[in-house]
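Residue numbering restarts at 1 for every chain, and letters A, B, ... go by the order of the sequence lines.
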Amino acid sequence: MYNPQRIEKKWQKIWGKTGLYKTADKIKRKKNFYCLDMFPYPSGEGLHVGHLHGYIGSDIVSRYFKMKGFNVLHPMGFDAFGLPAENAAIKRKIHPKTWTYKNIRLIRKQLRTIGATYDWEREIITCEPEYYKWTQWMFLQLFKKGLAERAKVACNFCPSCKTVLANEQVVDGKCERCGSEVIQKEIEQWLFKITDYAEDLLKDLEGIDWPERTKTMQRNWIGKSEGYEIKFEIRNSKFEIPVFTTRADTLFGATYLVVAPEHPIISNLKSQISNLKFVEEYIEQSKRKTERERLSEVKDKTGVEIKEVKAINPVNNREIPIFVADYVLFHYGTGAIMAVPCHDQRDFEFARKYNLPMVEVIKPILQEKKLPERAPLVVSDGRFERAYEGEGYLTNSGRFDGMNSEIARQEIGAGLEKKGLAKKRVHYKLRDWLISRQRYWGAPIPMISCQKCGWQPVPEKELPVLLPKIKDYLPVGEGKSPLAKSRKFVETTCPKCGGSAQRETDTMDTFVCSSWYYLRYADPKNDKKFAAKEKLRSWLPVDLYVGGAEHAVMHLLYARFFTKVLKDLRRISFKEPFLKLRHQGTILGPDGQKMSKSKGNVIPIDETIKKYGADTMRLYEMFMGPFEATTAWDTRGIEGCSRFLKKVWKLMSNVKCQMSLYRKRKFSRNLNVKNEKLERLFHQTIKKVTEDIENFRFNTAISALMILVNELVKQPALEIRSLKLVVKLLSPFAPHLTEELWQKIRGCRGLTSTSWRGLTLPEFKSIFQEKWPKYKKELTKEAVITFIIQVNGKVRDKIEVEAGISEEEAKKLTLEREKVKKWFGSKEIKKFIFVPGKLINIVISDNEFVSNKRIRLFVNS
RNA sequence: GCCGAGGUGGUGAAAUUGGGAAACACGAUAGGUUUAGGACCUAUUGCCGAAAGGUUUGUGGGUUCAAAUCCCACCCUCGGCACCA
């Protein structure tokens, strides 16, 4: 009987004791393979079957590459800092560290039970001083390069978590973690200047093997747009308002300007504004709005004219009014826009509401006397219906009339550039990464504030700045970290002047910790460097990175940023951290809903393993569907995989009987009756499984194995060679079962009769030290094929023929078939279509054989 | 609204250089085995039809000897972004 519980525990123990998955630091780079999982956050609930999906996939690939002869690095660790630990600590009155380590122990145990190949000696935990010393070191490098900046900025502040958040952590105006409404708050904060790398982050997406949707998401997030920055002078004033536009061709249609509420022009020209009180009131109002409120007003644009202040449109020197409105964002572009109501829907709505002039400057080009798609503005009783945002030719634009808009864009822009009124500019939506967090459970920011010398970095030799043990983790509200309560921590001396100074009390965003962890695995115990150069060289960049699509922008963007910075600092020699990225799909509960404790639809790992065994669970998770697809757990579906493994087990136990008969010389040496078809099936399966593993198509690999096994159980006798092949092919998917069978088969051959205790690697040769099977290309093709005979494209007959059948022969055989004859009788054959090795199609044109399509057409007309 | 992925049996899905639609599995039905249940084995299983045969890949159209696959239009689902000038 197949008893997974027994053999799985046994092999996990043996693999662990013999050090099968220890990774050696040597061998040439090209024979090394770095397979990385996104490391888990040690949450209190542990893992469920959904979390394992990616880990199983990467484990299959790791085992496969190992058998292919690669030196595989497959490490695991924990992203251990973060808010939930702190919140749990407050709630349960235990230290965040205690809580975190308790969870780590739980998850580590769970990961062991699935039989993953992790080299636990390389485990890293981001909340350990040995690790965050280097996180702090990274901060210092960024600081020294001018990439870490302190600035007073309007921050996203979560009143419930009492901390600021990065833009990436605000979802729909709500805190990504707790869901509370995010408010805007001006606080002095540390920022990483990721925007300096916007272009590289965009450009280098080209060369990496990542899912297209992930690349697209990053591209959109970076949001590059090219255009001109155009200066609008202000009448009777030395000030000017620069605006950014991608549509310089519409400049003649710019009938007013709009500035963001935060725009400096308002305070600069205070004295000139006749309705200052009104304007200031509006600004106050918009400041009080939350991000969500602003978003919900997308349709209804509000604004106030700044009276008595007029701008000059540089192309025609016309005086135009200026408005302040919060639909213009201060942080994007120049914080001011030129409004072209006829050719921008937002400006159009605003102009209509406040009754502002509209000038049409782009006419769509008629295509075949028809308006193009997304038809442009329509004039009804002298009024426009909507803005036309497409291309066309210019009108009402002086000497540019009649010019194509795309050309005019360059011409007008270049013309103004010559006069010094415009310059070419590129803008990005990407904003700098705010990394300060006013929370306890994170890596302290290694900075010291001195009254005399300003902000000073903690000297590298003094790292790590240890996170002090404090009793009260409650944040101090008002944007102060709980660390501020510890005088012992705060009070220090200035590294520059030696005078008394204060430490920064904020901690770093946990995404900083995870932005470089993949480097640490190469050399996890190094206390002189974050990792030794030669070790980085032999392992990095990561060959395969597997993890959830939810990290498409945050983690993956930050990690790429860090890699680029380190490359520029000459600390590493590559510019992209993850060469190949694959996302695992989400596993939903049996009810088709996302698994969650509150819905009660969580499938726990432990119970599943107890019932079916880890191998069955692994197999089923991979068999459910395509790796990246979202699929619901089917409590009955797993039965099929369980049956399959039982079948394999049974197949082998039958063999054991046969083997003993063989020893009694009752069987011939060659147990297999010569079976060419089976031989070919083997080669086809090896090819299929090999290619499918490399392409992450585990579901079809498993189905190929099922087909092979279904065929094998029908055989009266089998060669040992064949059995070994099946076991090897199945081994990455079901490692415990196959290791057991492998050792049994070897036992059959009389090599060892084993008591498993006290084995060392040289004595015990694991199946995962064996070579992955190879196939012969010529044997992956069938010798005899089912040849299809079609009449007018419909299958009418099938014949078994040799694969290499010629056209002549095929025609002859076809015309002899009674079944085929019946379909054309005496009618004229118009043509034969012969597809070698596949089919023949006889085309008959006859009234009776008018295709149904035509009949339908006929009836319709 | 924009960007991306997708839409195939009762279910998860397979087939994408254009060439047998539904592999593999679940479920269901019938039979065998069993004291019974379970397990296992055999057969059937897209739909209509007694059969011959017809018909079927979100909808409509097109290209082709031949379309799930290519082209055009539309509908729907999921994911992301969203006043980004």
Side-chain angles (χ1 to χ4, degrees), chain A residues 1 171-172 211-221 223-225 227 243-247 250 254 258 260 294-295 297-301 325-329 331-340 343-347 349-350 373-374 389 427-431 549-550 552-553 583 586 619-620 623-626 628-641 643-644 646-647 650 697 699-707 709-710 713 786-798 822 830-845 851-852:
Chain A
M1 261 296 282
V171 178
D172 277 338
E212 205 43 52
R213 64 181 162 131
T214 307
K215 288 198 201 178
T216 309
M217 268 191 235
Q218 292 217 347
R219 278 187 203 112
N220 293 344
W221 192 262
K224 181 181 183 175
S225 53
V243 304
F244 174 70
T245 179
T246 55
R247 294 295 300 267
T250 62
V258 189
R294 279 180 87 159
L295 286 176
E297 286 167 12
V298 166
K299 286 256 156 66
D300 186 33
K301 294 178 175 45
D326 61 9
Y327 82 90
V328 172
L329 309 170
H331 59 74
Y332 185 77
T334 61
I337 61 154
M338 62 178 213
V340 186
H343 304 290
D344 183 289
Q345 190 59 27
R346 294 157 300 176
D347 299 341
E349 279 158 24
F350 191 81
E373 288 310 317
R374 321 212 113 264
E389 299 187 332
H427 275 284
Y428 300 92
K429 284 189 216 172
L430 182 69
R431 287 198 256 165
E550 68 274 18
V553 270
H583 297 305
T586 318
L619 199 74
Y620 174 60
F623 185 63
M624 287 173 91
E628 66 289 355
T630 304
T631 318
W633 186 270
D634 182 350
T635 31
R636 286 183 303 201
I638 192 168
E639 294 283 351
C641 291
R643 268 177 229 165
F644 171 67
K646 278 183 201 154
K647 202 187 268 184
K650 223 171 111 189
R697 290 192 304 241
N699 55 334
T700 48
I702 293 166
S703 105
L705 285 166
M706 285 172 170
I707 293 169
V709 170
N710 287 346
V713 287
T786 309
F787 194 75
I788 304 299
I789 301 169
Q790 295 184 334
V791 178
N792 277 356
K794 288 207 161 78
V795 180
R796 296 303 182 190
D797 204 358
K798 302 169 186 183
K822 162 176 143 193
K830 228 177 148 188
K831 115 166 120 158
F832 280 96
I833 307 278
F834 175 75
V835 182
K838 279 261 153 81
L839 59 77
I840 193 158
N841 187 11
I842 308 168
V843 187
I844 301 159
S845 176
S851 71
N852 286 319

**Q** For U59(B) and U8(B), measure between their C1' atoms and round to the nearest Å.
**A**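 One C1' to the other, the span is 15 Å.
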
**Q** Suppose we define a pair by two distances each less than 3.5 Å, Watson-Crick or G-U wobble; what does A22(B) pair with here?
**A**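 For A22(B), the partner nucleotide comes out as none, under the 3.5 Å rule.
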
**Q** Answer with base, sugar-phosphate or nothing: what part of the nucleic acid does Q790(A) contact at a heavy-atom distance below 4.0 Å?
**A**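 Base contact.
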
**Q** What integer number of Å spans the C1' atoms of G27(B) and G20(B)?
**A**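 Rounded to whole Å, the distance is 26 Å.
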
**Q** Give one of base, sugar-phosphate or nothing for N841(A), where a contact means two heavy atoms less than 4.0 Å apart.
**A**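 Base, at least one base heavy atom under 4.0 Å.
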
**Q** Under a 4.5 Å cut-off applied to non-hydrogen side-chain atoms, are Y327(A) and D347(A) in contact?
**A**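 Sidechains of D347(A) and Y327(A): in contact.
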
**Q** Does R796(A) have a side-chain nitrogen or oxygen under 4.0 Å from the phosphate oxygens OP1 or OP2 of A52(B)?
**A**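 So the side-chain polar atoms of R796(A) never come under 4.0 Å of the phosphate oxygens OP1 or OP2 of A52(B).
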
**Q** Using the C1' atoms only, state how far C75(B) lies from A22(B), rounded to an integer number of Å.
**A**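 Nearest-Å result for A22(B) against C75(B) at atom C1': 25 Å.
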
**Q** Which whole-number value in Å describes the distance from E349(A) CD to G1(B) C1'?
**A**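 Interatomic distance, CD of E349(A) to C1' of G1(B): 11 Å.
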
**Q** Could you check which nucleotide pairs with A13(B) in any of the strands shown, counting Watson-Crick or G-U wobble with both distances under 3.5 Å?
**A**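 Per the H-bond distance test, none.
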
**Q** Please check the phosphate of A5(B) (OP1 and OP2 only) for any side-chain N or O of T216(A) closer than 4.0 Å.
**A**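 For A5(B), OP1/OP2 do not have a side-chain N/O of T216(A) under 4.0 Å.
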
**Q** Whole-Å distance between C41(B) P and K647(A) NZ?
**A**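 The answer, rounded to whole Å, is 6 Å.
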
**Q** What is the pairing partner of U64(B), taking Watson-Crick or G-U wobble pairs with both distances under 3.5 Å in any strand?
**A**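 The answer is none; no pair meets the criterion.
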
**Q** Reading nucleotides 29-34 of chain B 5' to 3', which nucleotides get B (base under 4.0 Å from a protein heavy atom), which S (sugar-phosphate only), which -?
**A** ------

**Q** When we call it a touch if two heavy atoms are under 4.0 Å apart, what does I788(A) touch: a base, just sugar-phosphate, or nothing?
**A**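 I788(A): base contact, heavy atoms under 4.0 Å.
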
**Q** Tell me whether G4(B) sits syn or anti, counting syn as a glycosidic angle within 90° of 0.
**A**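 G4(B): anti.
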
**Q** Taking OP1 and OP2 of C65(B), is either one under 4.0 Å from a side-chain nitrogen or oxygen of K831(A)?
**A**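 Looking at the OP1 and OP2 atoms of C65(B), one of them is under 4.0 Å from a side-chain N or O of K831(A).
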
**Q** Once you apply a heavy-atom cut-off of 4.0 Å, does D347(A) come out as touching a base, just sugar-phosphate, or nothing?
**A**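 Here D347(A) touches no strand at all.
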
**Q** With both distances under 3.5 angstrom, what nucleotide forms a Watson-Crick or G-U wobble pair with C40(B)?
**A**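 Across all strands, the one nucleotide that pairs with C40(B) is G32(B).
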
**Q** If you only use heavy atoms from C-beta on, which nucleotide in A85(B), C83(B), C65(B) is closest to the side chain of I833(A)?
**A**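 Within the option list, the nearest is C65(B).
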
**Q** Under 3.5 Å for both donor-acceptor distances, Watson-Crick or wobble: does G27(B) have a partner, and if so which one?
**A**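 By the stated definition (distances under 3.5 Å), U45(B) pairs with G27(B).
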
**Q** Identify whether any heavy atom of K646(A) sits under 4.0 Å from a base atom; if not, whether one sits that close to sugar-phosphate; answer base, sugar-phosphate or nothing.
**A**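 The residue K646(A) makes no contact with any strand.
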
**Q** Distances for protein N/O vs nucleotides 8-15 of chain B N/O pairs under 3.5 angstrom?
**A**
residue, atom, partner, partner atom, Å
G12(B), O2', M624(A), O, 2.3
A14(B), OP1, N699(A), ND2, 2.9

**Q** Does A50(B) have a Watson-Crick or wobble mate here (both distances under 3.5 Å), and if so which one?
**A**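 For A50(B), the partner nucleotide comes out as none, under the 3.5 Å rule.
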
**Q** Heavy atoms under 4.0 Å, any strand shown: does T334(A) hit a base, just sugar-phosphate, or nothing?
**A**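 Nothing: the residue T334(A), judged by heavy atoms under 4.0 Å, touches no strand.
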
**Q** Applying the Watson-Crick and G-U wobble criteria at under 3.5 Å, what pairs with C74(B)? Answer none if nothing qualifies.
**A**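 Pair assignment: C74(B) / G58(B).
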
**Q** In whole Å, what is the span from the CG atom of N220(A) to the C1' atom of C3(B)?
**A**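 Answer to the nearest Å: 5 Å.
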
**Q** Scan R643(A) against the nucleic acid and name what it touches under 4.0 Å (heavy atoms): base, sugar-phosphate only, or nothing.
**A**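 Here R643(A) touches the backbone only, sparing every base.
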
**Q** Determine the contact category for K429(A): base if any of its heavy atoms lies under 4.0 Å from a base atom, sugar-phosphate if only primed atoms, P, OP1 or OP2 are that close, otherwise nothing.
**A**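 Base contact - K429(A) has a heavy atom under 4.0 Å of at least one base atom.
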
**Q** Only one of V835(A), L839(A), D797(A) passes side chain to side chain contact (heavy atoms under 4.5 Å, CB included) with Q790(A); say which it is.
**A**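 That would be L839(A); it is the only one of V835(A), L839(A), D797(A) passing the side chain to side chain contact (heavy atoms under 4.5 Å, CB included) with Q790(A).
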
**Q** For D344(A) and A85(B), give me the distance from atom CG to atom C1', rounded to whole Å.
**A**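 Value for this atom pair: 6 Å.
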
**Q** What is the distance from atom OG1 of T786(A) to atom NZ of K838(A), rounded to the nearest 0.5 Å?
**A**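 One gets 12.0 Å once the value is rounded to the nearest 0.5 Å.
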
**Q** Considering only atom P, compute the distance from U34(B) to A28(B) and round it to an integer number of Å.
**A**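 Their P atoms lie roughly 23 Å apart.
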
**Q** Return the nucleotide paired to G79(B): Watson-Crick means purine N1 to pyrimidine N3 with N6-O4 or O6-N4, wobble means G-U with N1-O2 and O6-N3, both under 3.5 Å.
**A**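 G79(B) is paired, partner C3(B).
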
**Q** Suppose you measure atom C1' in A30(B) against the same atom in A23(B); what distance do you get, rounded to whole Å?
**A**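 Their C1' atoms lie roughly 24 Å apart.
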
**Q** Considering only side-chain heavy atoms of M217(A), which listed nucleotide, G79(B), U55(B), C83(B), is closest?
**A**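 For M217(A), the side-chain atoms sit closest to G79(B).
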
**Q** Using atom C1' of each nucleotide, how far apart are U63(B) and A82(B) to the nearest Å?
**A**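 After rounding to an integer number of Å, I get 38 Å for this pair.
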
**Q** Can you name the side chain to side chain donor-acceptor pair (under 3.5 Å) partners of S225(A), sequence neighbours left out?
**A**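 Partners of S225(A) under the side chain to side chain donor-acceptor pair (under 3.5 Å) test: Y332(A).
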
